[in-house]
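Since the structure comes first, as structure tokens, the remarks are kept for the end.
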Amino acid sequence: MSNWVEVCATDEIDEEDVIRFDHEGKTFAVYRSPDDEFFATDGLCTHEKIHLADGLVMDDIIECPKHNGRFSYKTGEAKGAPVCVNLRTYPVKVEAGSVFISLA
Amino acid sequence: MSHIVIIGAGECGARAAFALREKGFDGRITLVGEEEHLPYERPPLSKDALLHGHAPKLVSDAARYAEAGIAVLTGVTVESIDPTAKIVQLSNGTSRDYDQLLLTTGARPRPFPGLSGANHRIRTLRTHGDTVAIRAALQPDTHLAIIGGGFIGLELAATARKLGAQVTLVEGLPRILSRGVPEEVATVVADRHKAEGAEIICGVKIQELSEDRDGARIRLEDGRTIAADLIVVGIGAVPNVELAQDAGLVIDNGIAVDEHLRTSVPDIFAAGDCCSFPLRHYGGRRVRLEAWRNAQDQGLLAAANLMGAGEAIASVPWFWSDQYDLTLQIAGLADGTTQTIRRDMADGAFILFHLDAGGRLIAASGIGTGNAVARDIRLAEMMIAAGVRPDPVALAAAETKLKSLLAA
């Protein structure tokens, strides 16, 4: 059974932006794409454990605020140096104006 | 089979080697480095590596070089380049033919004038070995004296305080960080260091450094003497150009390259700390940058151009420094500023936007805890690259998203 956790209301994340979401000792980054879809990944960069939610979202890319490592937040794919380890992604759904991520 | 030899196995050379493979280069790649380690990241050397005694943080592990078919020669220096025969002579007695050569020879600490090399208590910080030696000397209550109030000296000061050492930092100019950091930002940094118990002495020239069995001494021109257990000199870096110079390449504050990173000699490129290049967004003025991001960007660009892409340098200079929980980030070059706009953000963080006479954004300098200013400095960098003339009122208003100004 999926473990859906409510993150926030949809309007709390701007389009082409990201917020940090902490839950049970873990940290996540939750994104809203320019075409108004929601995504979620682990919250810390795989290079030096920096919070990605402080970074910049451009199209489907999240860029780490510290060393500009880039990932696709849709697939978690690392997009080249200095990051080489992919980011874990999580299923997301929107229901009744709220964003949920599945941590199962 | 075509052979590319890369001389200098730091961030830039390693990035270039991998980028060649990522872009599909199928010839031979040889990366030659004088240090014993595989290429590693230098930024932690004054921070976490010094604090915790970490092993070098490798750019990539040995398996990845093998997988990518990159031959890495560590502990080997290049003794000469023959650009006519296209051969490099190595310190291990062997030589390599090349089709194209990339020089990523980096820079070395500027030595203190008049000081000979063989000092134990007067050191510099550039390599992992330097970090190991400084860490070994820093016990609680050790007195560390630092010469130079630039990024290296200040980062070292912060780490040394965390390790319990007493710290005195001497800067010859009237304030710290006078190269490229605005005074308002430098003041925040200086105040923090003082609050953490470091002593900062500015505007006094040094007459002499000396050491003996029991300690080291700084004699200042105003007559004061500072006794320390260890002195670390951080007064800038000089580019490693000798190899290129001997091979007849044009040198101009570094190995001179054009906007494609080509040197004055065919089939030889240079990138990173060792080279000077024309900076597009600043009227083509020639600069040399000593920065991690620049080393990365130019490594990637060199790889593209070794494969004939003909791409011009397009990046905007970008630097950062971490001291205690403060992060300072700077995009662009602020000389030529006629108007400075301050944007205040949460928790005391702020950014200064620097505009030229025509209202164009040319630099942004920010400071705050953690990554408070990172996103906006990144956007400022993109605005600088795009040549944006932002509305000063909007820049000053923290509630105005910079992203909206980029699009405008």
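Proteins come first, then strands; the chains are lettered A, B, ... in the order of their sequence lines, and each starts at number 1. Predicted model only: the values in this text are computed from it and were never measured.
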Side chain, backbone, both or neither of A:Cys84 within contact of chain B (heavy atoms, under 4.5 Å)
both
Taking everything shown except B:Asp347 itself, do over 12 heavy atoms lie less than 6.0 Å from its CG?
no
Just by modelled atom types, is the A:Val57 backbone N or O under 3.5 Å from a matching donor or acceptor in the B:Lys403 side chain?
yes
Gap separating the CG atom of B:Asn371 from the NE2 atom of A:His51, nearest 0.5 angstrom:
9.0 Å
When rounded to the nearest 0.5 angstrom, what is the spacing between CH2 in B:Trp320 and CG in A:Asn68?
9.0 Å
Correct closest heavy-atom pair for B:Pro44 and A:Glu48 would be CG-OE2, 4.4 Å
A:His67 side chain to B:Glu41 side chain, donor-acceptor N/O pair below 3.5 angstrom:
no
Atom group of B:Gln329 that falls short of 4.5 Å from chain A, counting heavy atoms
side chain
So for atom CG, which belongs to B:Asp26, do other residues, nucleotides or ligands contribute more than 12 heavy atoms lying within a distance under 6.0 Å?
no
Counting only heavy atoms closer than 4.5 Å, note whether B:Asp322 contacts chain A via side chain, backbone, both or neither.
side chain
With respect to chain A, which residue among B:Lys57, B:Glu11, B:Arg64 yields the maximal number of heavy-atom pairs within a distance under 4.5 Å?
B:Lys57
Toward chain A, the part of B:Ser60 with a non-hydrogen atom under 4.5 Å
neither
May I ask you to test the B:Arg378-A:Pro65 pair for a side-chain heavy-atom distance under 4.5 Å?
no
Side-chain ion pair, B:Lys401 and A:Asp17, N-O less than 4.0 Å
yes
Using atom types as modelled and distance alone, determine if a side-chain donor or acceptor of B:Arg375 lies under 3.5 Å from a backbone N or O of A:Leu56.
no
Give, as side chain, backbone, both or neither, the part of A:Glu63 having an atom under 4.5 angstrom from any heavy atom of chain B.
side chain
